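Worksheet for the structure shown next.
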Amino acid sequence: MRGSDLVGRWVLESWVQDYDDGRVKHPMGNDATGFVRYAEDGDFAVMISRSGRSPFTTGGQWDASEAEKATAYESMLAYGGRYEFVDDHVLHHVEISLFPDWIGGVQRRRLVAAGDGTIALEARLDAGTAQARTARIVWRRK
């Protein structure tokens with residue numbers, strides 16, 4: 001697959017994390033929803049959320065309870081910036097993110113193209129720790 005083959009909008013099929021100790025987790029649940037968009041000019045944006053997110057009941061976007069805001073944070077992943085394609089990897093150069101620790105960093109993802117029209121982005125996380133795992137996010141072109 002070439003970098004230009006990524007251009008466009010892809011919808012989330014699945015997100016799973018396989019831990020070295022045998023645990024399997026779906027960070028946003030089995031029915032998460034989301035998309036990634038890769039632009040020709042090198043921009044990208046990712047949005048993934050848990051399905052069935054509840055609207056706030058204690059206030060608005062800025063004045064809801066801390067508990068509701070924490071739940072909203074835990075049920076959404078959003079980041080964007082610039083990307084490049086290097087060998088069989090996509091490098092996401094993060095410029096903005098709901099999770100501030102990613103800003104200014106690079107998220108390296110191995111790209112695996114399947115014959116069914118999907119792609120998987122895979123990453124090895126927390127190697128050498130009790131949380132060591134492989135994350136695999138599968139996308140289908142929309």
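Keep in mind that what you see is a predicted model, and the values were worked out from it rather than measured.
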Given the rule that I, L, V, M, F, W and Y join up when any side-chain heavy atoms are under 4.5 Å apart, are Leu91 and Phe85 in one cluster?
no
In the single-linkage hydrophobic clustering (I, L, V, M, F, W, Y; side-chain heavy atoms under 4.5 Å), do Leu12 and Phe35 co-cluster?
yes
Indicate, with yes or no, if Val94 and Ile96 share a hydrophobic cluster defined by side-chain heavy-atom contacts under 4.5 Å among Ile, Leu, Val, Met, Phe, Trp and Tyr.
no
So, do Tyr83 and Val36 sit near enough that their side-chain heavy atoms are less than 4.5 Å apart?
no
For Ala135 versus Leu125, what's the shortest heavy-atom pair and its separation?
CB-CD1, 3.8 Å
Where the side chain of Ser75 meets the backbone of Arg53, is there a donor-acceptor pair that is under 3.5 Å apart?
no
For the OG1 atom of Thr33 and the CD atom of Glu13, what is their distance to the nearest 0.5 Å?
10.5 Å
Shared ILVMFWY cluster between Met76 and Ile48, side chains joined below 4.5 angstrom?
yes
Please report the C-alpha distance between Val46 and Gln107 in whole Å, then the side-chain angles of each, then the deciding distance to 0.1 Å, and finally whether the side chain to side chain contact (heavy atoms under 4.5 Å, CB included) criterion is met.
CA-CA 12 Å; Val46 177; Gln107 295 295 311; over 6 Å; no
Heavy-atom side-chain proximity of Leu111 to Leu6 below 4.5 angstrom:
yes
Enter the distance from Arg9:CZ to Lys142:NZ here, rounded to the nearest 0.5 Å.
7.5 Å
All pairs passing side-chain hydrogen bond (donor to acceptor under 3.5 Å, both in side chains) where residues 113-128 contributes a residue, at least two apart:
Asp20-Arg124, Arg110-Glu122, Asp116-Thr118, Glu122-Arg136, Arg124-Thr134, Asp126-Arg133
Contact list for residues 48-77, test ring-ring contact (aromatic ring centres under 6.0 Å, His included), sequence neighbours left out:
none
Hey, does Tyr19 have a side-chain heavy atom less than 4.5 Å from the side chain of Gln131?
yes
If you look at every heavy atom in Arg109 and Ala123, which pair is closest and at what distance?
NH1-CB, 3.4 Å
Taking Met47 as the starting point, is it possible to reach Trp139 by hopping between hydrophobic residues whose side chains are less than 4.5 Å apart?
yes
Side chain to side chain contact (heavy atoms under 4.5 Å, CB included) for Leu121 and Trp10? Distances and angles first, verdict last.
CA-CA 12 Å; Leu121 298 181; Trp10 299 79; over 6 Å; no
With rounding to the nearest 0.5 angstrom, report the CD to NE2 distance, Glu84 to His93.
3.5 Å
Using modelled atom types only, decide if a donor and an acceptor are shared between the side chain of Ser51 and the backbone of Asp31 within a distance under 3.5 Å.
yes
Between the main-chain N or O of Ala72 and the side-chain N or O of Arg50, is there a donor-acceptor pair closer than 3.5 Å?
no
Would you check, one step at a time, whether the test side chain to side chain contact (heavy atoms under 4.5 Å, CB included) holds for Asp41 with Arg82?
CA-CA 9 Å; Asp41 67 0; Arg82 307 283 296 164; 4.1 Å; yes
Taking only residues two or more places apart in sequence or in another chain, which ones pass side chain to side chain donor-acceptor pair (under 3.5 Å) with Thr57?
Glu68
Any idea how Tyr79 and Phe44 line up, ring-wise: parallel (<30°), tilted (30 to 60°), or perpendicular (>60°)?
perpendicular
Can you measure from NE2 (His26) to CD (Gln17) and round to the nearest 0.5 angstrom?
10.0 Å
